[in-house]
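Chain letters run A, B, ... following the sequence lines, proteins first, then strands; residues in each count from 1.
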Amino acid sequence: MLKNNRLKLILLICFMVLSLEAKDIKVIGPWEISGIEPTQSGFIFSRMQVAETLVSTDEKGNLIPGLAKSWSVSKDGLLWKFDIRKNVAFQDNTKLDAKIVEYNLTRENLLKKSILRYLPIESIHAVNNTIEIKLSSQFSALPAYFAHYSTIILSKNSFDKEGKIIKVIGTGAYQIKSLTAPLKIKLTRFDKWWKGKANIKNITYLSVGKGETRSLMIKSHEADIAYSLLPISLKSLKKDSTLNTTIVTIPRAKLLKVNLASFFLKDINVRRAISLALDRENMARIILKNENLAANQLFPPSMKLWNNTNIKPIKQNITEANKLLDKAGWVLKSDGYRYKDNKKFELSLNTYPNRPDLPVLATAIQSQLKEVGIDVKVLIDSYTEIVRKHKDNTLELALMSRNLALIPNPLGTLLQDYGRGGADWGAMNWTNEKMFKYLAQLRKKDNKDLHNKITQIMYEDLPVIPVAWSELAVVSNKKIKNLKVDPFELNYFLSDIKLDK
Amino acid sequence: MKKIIITRVIQVLMLVLLISTVSFIMMQLLPGDPALKIAAGRYGPDGVTAEIAQSVRMELGLDKSMFQAYLDSLYQLFKFDLGYSLISGEKVIHEIQTQMGYSLYLAFFSFLLSLIFAIPLGIYSGAKNNGIIDKLGFFFSILFRAIPPFILGLLLMYIFSIYFRILPPAGFENWKYLVLPSLTLALGLAAVSNRLIKESMLEVSNSSYYAYGKYKGLTDLTLINRHGIRNASISVIAYLGLQSIYLIEGVVIVESIYAFPGIGHALVHAVIARDIPMIQGTVLVMGLFFILINFFTDMITSTLDPRLRIKNA
């Protein structure tokens, strides 16, 4: 009894000593900081509000003015003007002006290696306190590109003489105190932030690759906000009365990328049969722990402008799938597999382990396609294999997770992935003139009717087969108030959070 | 002593050449397009495309012949320049300095902690062979050696961070953050070393000089102090030197579980991303440390055993 009490006393003293130090607010997530170049790691500086872009987004993903207080386009749609906000200070006390914006936006790395390379930009110039962007063809979604993290605006002192970034000095609510790449960044409040002072003084971001470790860190209150928790951990975290869980559907979909030039997959009946053979609801319920993630189209219902409500949920229908395969000439033999021209219906399906649910979904798909006589070999490798096999045209089927809103307007990703010629992370050997026509129209002017026409074409033609949507689970300590979760993951809105004392 | 130093210096020079050559060849032999892997390391899954990989290839001159690339890397090395990371663009030497510091702390405390567990347990088990402590030590040694570090790590986090809430589960701020990763590694190390210490102690206690001491009427404690520890230490120290391999291997896994920014974690990422300068630099520094550890092991064993001093003279 005495020994037991002594042990308790020792543990209590240890606990008190360890609790004495005041803690920073600690944010954890799986993303590593692979350097300070914005085209690589700008996402972390943008999310943590160290640096800002010309255009910003609210928590619903709507475009709002950022470092540009307004923007306009000429009547011919070829000249865009962004008025740069006055009285904005960088964290080194230098002032923001159009010249420094021009310097940032005309960096070779940005124009050639970031998402801006897809834009028909002819020139970017500072005129008075305005940035003028001249295009060679109309592009209605242009402002959304200037919300992308790679376009963060940094102070002149962030660059060396050769224009290489040596420090990250932005205009955001927080400035960098220390950076230990690839795992940690310590921030302190920037009191001269143009939007006013943030509520919390010190914030630390720690990259924690293992999902299990992130769960234990938030559960033990070592972390205050944890991003991207695994579905399997959420059940126990939701039960914890000291934690808040927020789950939002994000514009990211798990898709089967299909090579339409493949002997096996070129027939639309086969692609439809594969789609019907999938038990999306159970895969979403069992593997992703949320049956609402079963995807019948590219965009989830939360993306109201792009989700097509005319498309009904796709239920597994083995009978119909078998009929379609029969129609396509694939004959079921006694070994349980289908054959055509003495060729067995066997496919290889590439996927990768970076997103832990993909290999599990791939094996579920393998087993479901076996039910209709298709032999699938699952290859779990690096995601670069998908890019390589796309390039040399050896890919048959790939299960991938694709961010549909690399910028806050999905048109950017659609143009990139489903435009003429397809793309590494989009269509492969797919041609649909109607689709290309609608995309070209959208480049000029946004139109909701065209969104529906595009999603309908994709539903009917299946250049990719949607499997599931994705969600972002954020768990925070209950003392954190006013936490907003941005489905586009551009901003963590840390300046808005408050501490409940 | 002089002989040991000369041997080690020659070893270091050979090792530098060998490591840079072997790591270069191994990287070249790996399947897949290096430009694609480097682009993936920089821009992640959503940003990597064949077109970006091509621009990386042009930027880094990856289309050079293998022989030319090897000569270039050797030339850099002989200029004592480890180059720049192909992913972060930072100087390799700066990255290694930061990461090595964290890993050395981790390795040192793990090693120290393992000795704190293993030495008393091993000596006591050796002196009281087949006693209850020996049997318990045997059971736990098998258990801790058999449990993979990532499971052990999660268990320790659960016990100390969730249940007792006295230690942080992951990260790196101060000494508290070192305890659990060090303990994870130390338990695996001590699991083997305590058995080895026990066997060495047993061997010594079965020797004729040990029996003679007993017949002289020396107490157990005096016997262990005078004749046991020193004689048993020779083989144990040689083994502990070899354990540094386990330490390096263990650090890789433990650093990933505990989000610790050490060299093991960096090496794994460098291999995945084909960051050749980073791989060559890291492996080189690790190799040099291994030689340094072996050097100290030789020194200590030759101090403990005069016969080795004569042999090496």
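Ranked by heavy-atom pairs under 4.5 Å with chain A, the list G89(B), P45(B), A266(B) is led by P45(B). Interface check for chain A: of the options A259(B), G171(B), P169(B), the most heavy-atom pairs under 4.5 Å are formed by P169(B). For the set E212(A), K186(A), E32(A), R214(A), the entry with the most heavy-atom pairs within less than 4.5 Å of chain B is E32(A). Ranked by non-hydrogen atom pairs under 4.5 Å with chain B, the options E385(A), M400(A), K26(A), K112(A) are led by K26(A). Heavy-atom pairs under 4.5 Å with chain A were tallied for L36(B), D46(B), I52(B); the largest tally goes to D46(B). In terms of heavy-atom pairs under 4.5 Å with chain A, the best-connected choice from G44(B), G32(B), A53(B), G153(B) is G44(B). Ranking L206(A), I115(A), I33(A) against chain B, the residue ahead of the rest is L206(A), based on heavy-atom pairs under 4.5 Å.
Looking at R252(A), only its side chain comes within 4.5 Å of chain B, counting heavy atoms on both sides. Proximity to chain B involves both the backbone and the side chain of T39(A), based on heavy atoms less than 4.5 angstrom apart. Within the 4.5 angstrom heavy-atom criterion, atoms from both the backbone and the side chain of T49(B) approach chain A. Heavy atoms closer than 4.5 Å to chain B are found in the backbone of S207(A), but not in its side chain. Only the side chain of L406(A) comes within less than 4.5 Å of a heavy atom of chain B; its backbone N, CA, C and O stay farther away.
Note that CG of L183(A) and NE2 of H265(B) are 5.0 Å apart. Values are rounded to the nearest 0.5 Å. For the atom pair K219(A) NZ and R165(B) CZ, the distance stands at 8.0 Å (nearest 0.5 Å). Distance check: L216(A) CG to Y258(B) OH gives 9.5 Å after rounding to the nearest 0.5 Å. Separating the OG atom in S55(B) from the CD atom in E108(A) is a distance of 9.5 Å, to the nearest 0.5 Å. To the nearest 0.5 Å, atom NZ of residue K210(A) and atom CZ of residue F150(B) are 8.0 Å apart. Distance check: E90(B) CD to I166(A) CD1 gives 10.5 Å after rounding to the nearest 0.5 Å.
More than 12 heavy atoms of other shown residues, nucleotides or ligands fall within 6.0 angstrom of atom CG in L230(A). Heavy atoms of other residues, nucleotides or ligands lying less than 6.0 angstrom from NZ of K177(A) number more than 12. At most 12 heavy atoms of other shown residues, nucleotides or ligands fall within 6.0 angstrom of atom NZ in K235(A). A 6.0 Å sphere centred on CZ of F159(A) holds more than 12 heavy atoms belonging to other residues, nucleotides or ligands. In the displayed structure, Y105(B) atom OH is contacted under 6.0 Å by at most 12 heavy atoms of other residues, nucleotides or ligands. Remark: Y124(B) OH is loosely packed, at most 12 non-hydrogen atoms of other residues, nucleotides or ligands lying under 6.0 Å away. Within 6.0 Å of OH on Y84(B) lie no more than 12 heavy atoms contributed by other residues, nucleotides or ligands. Around the CZ atom of F24(B), the shell of radius 6.0 Å holds more than 12 heavy atoms that belong to other residues, nucleotides or ligands.
Using a cut-off of 4.0 Å between Lys/Arg side-chain N and Asp/Glu carboxylate O, R42(B) and E37(A) are scored as not salt-bridged.
W425(A) and V48(B) get closest at one heavy-atom pair: NE1-O, 2.8 Å. Across R117(A) and G47(B), no two heavy atoms sit closer than the pair NH2-O, 4.4 Å. Residues Q99(B) and A181(A) come closest through the heavy atom pair NE2-O, 4.3 Å. Taking all atoms of both residues into account, the shortest heavy-atom contact from A40(B) to T384(A) is CB-CG2, 3.5 Å. In this structure, F172(B) and K184(A) approach most closely via the heavy-atom pair O-NZ, 2.6 Å. Contact between A50(B) and D424(A) at its shortest, heavy atoms only, is N-OD2, 2.9 Å.
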Report the C-alpha separation of E222(A) and Y177(B) in whole Å, then their side-chain angles, then the decisive distance to 0.1 Å, and conclude whether the side chain to side chain donor-acceptor pair (under 3.5 Å) test is met.
CA-CA 11 Å; E222(A) 171 61 20; Y177(B) 291 80; 2.5 Å; yes

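Scanning residues 386-394 of chain A against chain B with a 4.5 Å heavy-atom cutoff picks out V387(A), R388(A), K391(A), ordered by number.
E59(B) is listed as a side-chain neighbour of K113(A), based on a closest heavy-atom distance under 4.5 Å.
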